[in-house]
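Just below is one structure, and these are the notes that go with it.
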Amino acid sequence: MSTFPITKRGAEKLKEELQRLKTVDRPWVINAIAEARAQGDLSENAEYDAAKDRQGFIEGRIAEIESKLSTAQIIDPTTVDAGGRVVFGATVDLEDVSDGAALTYQIVGEDEADLKLGLVNIGSPIARAMIGKEEGDTAEVQTPGGTRRFEIVAVRYA
């Protein structure tokens, strides 16, 4: 079974979600099913159907998170020493060569990615273009609008 990388912060968020699903959401949906059953005829009971659907979602998500955590390779970016190279977990300051716009991204796992927060998936085109590069290098990224070039201004492991 292959492992997938995740930052320490991302693993903690998954653990928190798993805890919430098991201690809050699961008991709530079990109670909702019991209340719907008490209403009688289940064949035309929309509340029962909705609660069963929600239960299926919760149980599926619990299984998914447990599977991910069991195969996760947890990486703490603060302990990474890649000698200034861009690696998983690194925070990279970029400058768009065409317009001089400054951007900052951290390379994270699939479950953690949120472009609005500057967290890019390791499999994204921009992350793949930056991996292995160093400060002063240029990363070329293929976008739907054409090739964009970014200069790597700084690489941090925070």
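None of these values were measured; they are calculated from a predicted model.
Considering only heavy atoms from C-beta on, Arg9 comes within 4.5 Å of Val108 through its side chain. Within the 4.5 Å cutoff, the side chain of Leu115 has heavy atoms near those of the Tyr105 side chain. With a 4.5 Å cut-off on side-chain heavy atoms, Arg54 and Asp25 count as touching. Using a 4.5 Å cut-off on side-chain heavy atoms (C-beta onward), Ile6 and Phe4 make contact. In this structure the side chain of Phe150 reaches within 4.5 angstrom of the side chain of Ile126, judged on heavy atoms. Between Arg128 and Gln142 the shortest side-chain heavy-atom distance does not fall below 4.5 Å. Contact of the Lys52 side chain with the Ile33 side chain is registered, since non-hydrogen atoms from C-beta on lie closer than 4.5 Å. Under the 4.5 Å side-chain criterion, counting only non-hydrogen atoms from C-beta, Leu119 is not in contact with Thr7.
Val153 and Leu94 fall into different hydrophobic clusters, where Ile, Leu, Val, Met, Phe, Trp and Tyr residues are linked whenever their side-chain heavy atoms come under 4.5 Å apart, directly or through other members. Phe88 and Ile74 are assigned to two separate hydrophobic clusters, defined by single-linkage of ILVMFWY side chains at heavy-atom distances under 4.5 Å. Residue Leu69 is grouped with residue Leu21 when hydrophobic side chains (ILVMFWY) are merged at heavy-atom distances under 4.5 angstrom, including chains of intermediate members. Placement of Val24 and Leu18 in two distinct hydrophobic clusters is found when ILVMFWY residues are connected by side-chain heavy-atom separations under 4.5 Å, directly or transitively.
In terms of heavy-atom proximity, Pro77 sits nearest to Gly89 at CB-O, 3.4 Å. The minimum heavy-atom distance between Glu135 and Val155, with the atom names listed, is OE1-N, 4.1 Å. Between Lys133 and Ile152 the shortest heavy-atom distance is CB-CD1, 3.3 Å. Closest of all the heavy-atom pairs between Ala101 and Asp99 is N-OD1, 2.9 Å. Taking both residues in full, the closest heavy atoms of Arg26 and Lys22 are given as CB-O, 3.8 Å, listed atom of the first, atom of the second, then distance. The two residues Asp76 and Thr78 come nearest to each other via the heavy atoms OD1-OG1, 2.8 Å.
Here the NZ-CD distance, from Lys13 to Glu112, works out to 8.0 Å after rounding to the nearest 0.5 Å. We find the CD-CD1 distance between Gln106 and Ile122 to be 11.0 Å, quoted to the nearest 0.5 Å. Note that CD of Gln19 and CD1 of Ile62 are 10.5 Å apart. Values are rounded to the nearest 0.5 Å. Of the inter-residue distances, the one linking Ile107 atom CD1 with Ile75 atom CD1 reads 11.0 Å to the nearest 0.5 angstrom. One distance of note links CE of Met130 with OG1 of Thr138; it measures 13.0 Å at 0.5 Å rounding.
Counting non-hydrogen atoms of other residues, nucleotides and ligands closer than 6.0 Å to CZ of Arg85 gives a total of 12 or fewer. Other residues, nucleotides and ligands place no more than 12 heavy atoms under 6.0 Å from the CD atom of Glu110.
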* **Test side chain to side chain contact (heavy atoms under 4.5 Å, CB included) applied to Glu17 and Leu14, step by step** => CA-CA 5 Å; Glu17 181 182 358; Leu14 281 179; 4.2 Å; yes

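Using a cut-off of 4.0 Å between Lys/Arg side-chain N and Asp/Glu carboxylate O, Arg61 and Glu64 are scored as salt-bridged.
Sorted by first then second residue, the side-chain hydrogen bond (donor to acceptor under 3.5 Å, both in side chains) pairs that include residues 149-158, not counting sequence neighbours, are Asp93-Arg156.
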